[in-house]
Asks: 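First the structure, then my questions, so here it is.
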Amino acid sequence: YTWSPWCPASAPSLGLECCPMLWGTKQISTFQQQKYKGGKCIMGMNEVNVDSQGKISVSEGISLWNKYIRVMKKQGYTLISPSVTSGNDGIAWLKQFYAQCGGGNHCDVDFTAMHYYGTSVNDFISWAEKFHALGNGKVWVTEIACQNFGGKGGQCNKAQVYAFMDGVTSWMKKQSWIGSYFFFGLFEDMYNVNPLNRMVNGDGTPNDLGKHYINS
């Protein structure tokens with residue numbers, strides 16, 4: 001996915017399924033134009049509990065979900081919930097979303113989106129279990145990296161990035177309720193995330209970490 005309704009035209013020929021995303025309110029018109037051009041999955045709004053991302057109230061989120069995403073369920077799309085950051089306020093947002101959206105069947109969400117940035121495999125597992133308790137219990141881990149946003153303890157070094165990836169990947173593969181996972185990231189510019197998590201070279205080909213991820 002691309003954090004937008006847009007999907008690369010080359011994705012199907014490469015054997016890749018792309019999920020359009022309704023990132024937030026500013027992408028509604030583009031989403032309506034592009035949503036049918038991806039795969040058979042649609043992703044809800046991005047990090048709805050954060051001002052710098054797609055922050056909206058629970059009631060606004062439910063309105064967007066029901067009007068633009070939930071209606072696609074009858075057309076056979078797999079629906080991924082709005083995402084939140086790895087903080088307690090995010091969990092609270094999702095609990096309210098599931099409690100208030102109405103209509104039963106867990107708002108027709110097929111998988112709850114989970115983001116995790118941290119340095120501990122055990123902490124990741126604990127966080128994932130909390131998401132397993134939401135909705136129908138099924139999860140897509142749509143952002144994950146060995147990244148310390150807490151300001152204490154420093155960032156992961158190269159060996160720790162590999163160890164974190166191996167640890168969480170090994171655990172996720174054993175959980176039937178985790179449908180997919182997406183490590184961050186496949187970018188030359190890693191934004192505010194530890195660049196040692198980068199999985200591509202400047203020309204877009206997999207670097208050593210990317211090859212390790214593909215083969216893990």
Asks: Measuring from Y162:OH to C146:SG, what's the distance to the nearest 0.5 Å?
Replies: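 Nearest 0.5 Å value for the OH-SG distance: 12.5 Å.
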
Asks: Say whether, by atom type as modelled, one donor and one acceptor occur between the side chain of S13 and the main chain of S10 under 3.5 angstrom.
Replies: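 Yes; at least one donor-acceptor contact below 3.5 Å.
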
Asks: At what distance, to the nearest 0.5 angstrom, does CG of N157 lie from CG of L196?
Replies: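 Separation between the atoms: 7.5 Å.
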
Asks: To check you understand the geometry: which heavy-atom pair defines the closest contact between V84 and H115, and what is its length?
Replies: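 What the structure gives for the nearest pair is O-CB, 3.5 Å.
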
Asks: So which heavy atom on D110 is nearest to which on N136, and how close?
Replies: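 So the minimum-distance heavy-atom pair works out to O-ND2, 3.1 Å.
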
Asks: With distance as the sole test, does K130 use its side chain to make a donor-acceptor pair with the main-chain N or O of N88 at under 3.5 Å?
Replies: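 No, because the side chain of K130 does not come within donor-acceptor range (under 3.5 Å) of the backbone of N88.
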
Asks: If you define the side chain from C-beta out and look only at heavy atoms, does anything of Q147 sit under 4.5 Å from Q155?
Replies: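 Touching, per the 4.5 Å side-chain cut-off.
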
Asks: What closest approach, in Å, do W171 and Q175 show between heavy atoms, and which atom pair accounts for it?
Replies: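 Shortest heavy-atom contact: O-NE2, 3.0 Å.
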
Asks: For the backbone of I56 and the side chain of W93, can you confirm whether one donor and one acceptor N or O come within less than 3.5 Å of each other?
Replies: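 Yes: the side chain of W93 pairs with the backbone of I56.
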
Asks: Assess the side chains of N122 and S120: does a donor N or O sit below 3.5 Å from an acceptor N or O?
Replies: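 Looking only at side-chain atoms, S120 and N122 do not form any donor-acceptor pair under 3.5 Å.
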
Asks: Donor-acceptor pair, distance only, cut-off 3.5 Å: does the side chain of Q100 make one with the backbone of S59?
Replies: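 Checked: no pair found.
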
Asks: Let me confirm one number: the CD-CD1 distance from Q75 to I42, rounded to the nearest 0.5 Å.
Replies: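 Rounded to the nearest 0.5 Å, the CD-CD1 separation comes out at 8.0 Å.
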
Asks: Could you state whether M172 and L186 fall into the same hydrophobic cluster, counting links through intermediate Ile, Leu, Val, Met, Phe, Trp or Tyr residues with side-chain heavy atoms under 4.5 angstrom apart?
Replies: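 M172 and L186: one cluster.
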
Asks: Could you tell me whether the side chains of N49 and T85 share a donor-acceptor contact shorter than 3.5 Å?
Replies: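 The criterion, which ignores hydrogens and geometry beyond distance, is satisfied for T85 and N49.
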
Asks: Please write out which residues are connected to I214 in a hydrophobic cluster, directly or through intermediates, given that two of Ile, Leu, Val, Met, Phe, Trp, Tyr count as joined at side-chain heavy-atom separations below 4.5 angstrom.
Replies: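 Same cluster as I214: nobody, lone residue.
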
Asks: Treating T169 as the side-chain partner and M165 as the backbone partner, does any N or O pair qualify as donor plus acceptor under 3.5 Å?
Replies: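 Pair found, side chain donor or acceptor close to backbone of M165.
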
Asks: Using a 3.5 Å distance criterion without hydrogens, assess whether the side chain of K73 forms a donor-acceptor pair with backbone atoms of V109.
Replies: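 Absent.
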
Asks: Could you pull out the closest heavy-atom pair between P5 and Q27, with the gap in Å?
Replies: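 The pair with the smallest heavy-atom distance is CD-OE1, 3.2 Å.
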
Asks: About how many Å separate OG of S180 and NZ of K138, when rounded to the nearest 0.5 Å?
Replies: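 Rounded to the nearest 0.5 Å, the NZ-OG separation comes to 12.0 Å.
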
Asks: Could you tell me the separation between the OH atom of Y181 and the CE atom of M114, rounded to the nearest 0.5 Å?
Replies: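 Output value for this atom pair is 13.5 Å.
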
Asks: Quick one: does any side-chain atom of S81 pair with a main-chain N or O of A113 as donor and acceptor, under 3.5 Å?
Replies: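 A pair under 3.5 Å: yes.
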
Asks: Test of understanding: clusters of I, L, V, M, F, W, Y form through side-chain heavy atoms closer than 4.5 Å, transitively. Do I91 and F97 belong to the same one?
Replies: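 Same hydrophobic cluster.
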
Asks: Using only the SG atoms, decide whether C7 and C19 are less than 2.5 Å apart.
Replies: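 No disulfide here.
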
Asks: Are Q53 and S83 side-chain neighbours, meaning at least one heavy-atom pair lies under 4.5 Å?
Replies: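 Not in contact.
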
Asks: Quick one: NZ on K174 to OG on S170, what's the gap to the nearest 0.5 Å?
Replies: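 Separation between the atoms: 4.0 Å.
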
Asks: Locate the shortest heavy-atom distance separating P82 from V48; write the atom from each residue and the value.
Replies: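 Closest pair (atom of P82, atom of V48, distance): CB-CG1, 4.2 Å.
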
Asks: Would a hydrophobic clustering, with Ile, Leu, Val, Met, Phe, Trp and Tyr connected at side-chain separations under 4.5 Å, put I69 with W6?
Replies: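 The answer is no; the residues belong to distinct hydrophobic clusters.
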
Asks: State whether the side chain of N197 and the backbone N or O of V161 hold a donor-acceptor pair below 3.5 Å, judged by distance alone.
Replies: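 Not at all, since once roles are kept as given, no pair shorter than 3.5 Å links the two residues.
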
Asks: Shortest non-hydrogen contact from N207 to R198?
Replies: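 Distance-wise, the nearest heavy atoms are ND2-O, 2.8 Å.
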
Asks: Flag yes if M199 and L16 sit in one hydrophobic cluster, no otherwise; membership is Ile, Leu, Val, Met, Phe, Trp, Tyr, and two members link when side-chain heavy atoms are under 4.5 Å apart.
Replies: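 Different clusters: M199 never reaches L16 through Ile, Leu, Val, Met, Phe, Trp or Tyr contacts under 4.5 Å.
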
Asks: Answer with yes or no whether the side chains of E60 and S57 bring together a donor and an acceptor at under 3.5 Å.
Replies: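 Note: S57 and E60 side chains meet the donor-acceptor criterion.
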
Asks: Is it true that a side-chain atom of N46 and a backbone atom of G54 form a donor plus acceptor pair closer than 3.5 Å?
Replies: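 Side chain of N46 to backbone of G54: no pair is present.
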
Asks: For F184, which fellow cluster members are found when Ile, Leu, Val, Met, Phe, Trp and Tyr are connected by side-chain heavy-atom distances below 4.5 angstrom, either directly or through intermediates?
Replies: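 Its cluster mates, by chain and number, are Y1, W3, M21, W23, M43, I80, F111, Y117, W140, F149, F182, F187, M190, Y191, V193.
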
Asks: Would you say the side chain of T119 lies within less than 4.5 Å of the side chain of F164, judging by non-hydrogen atoms?
Replies: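 No. Closest side-chain heavy atoms not under 4.5 Å.
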
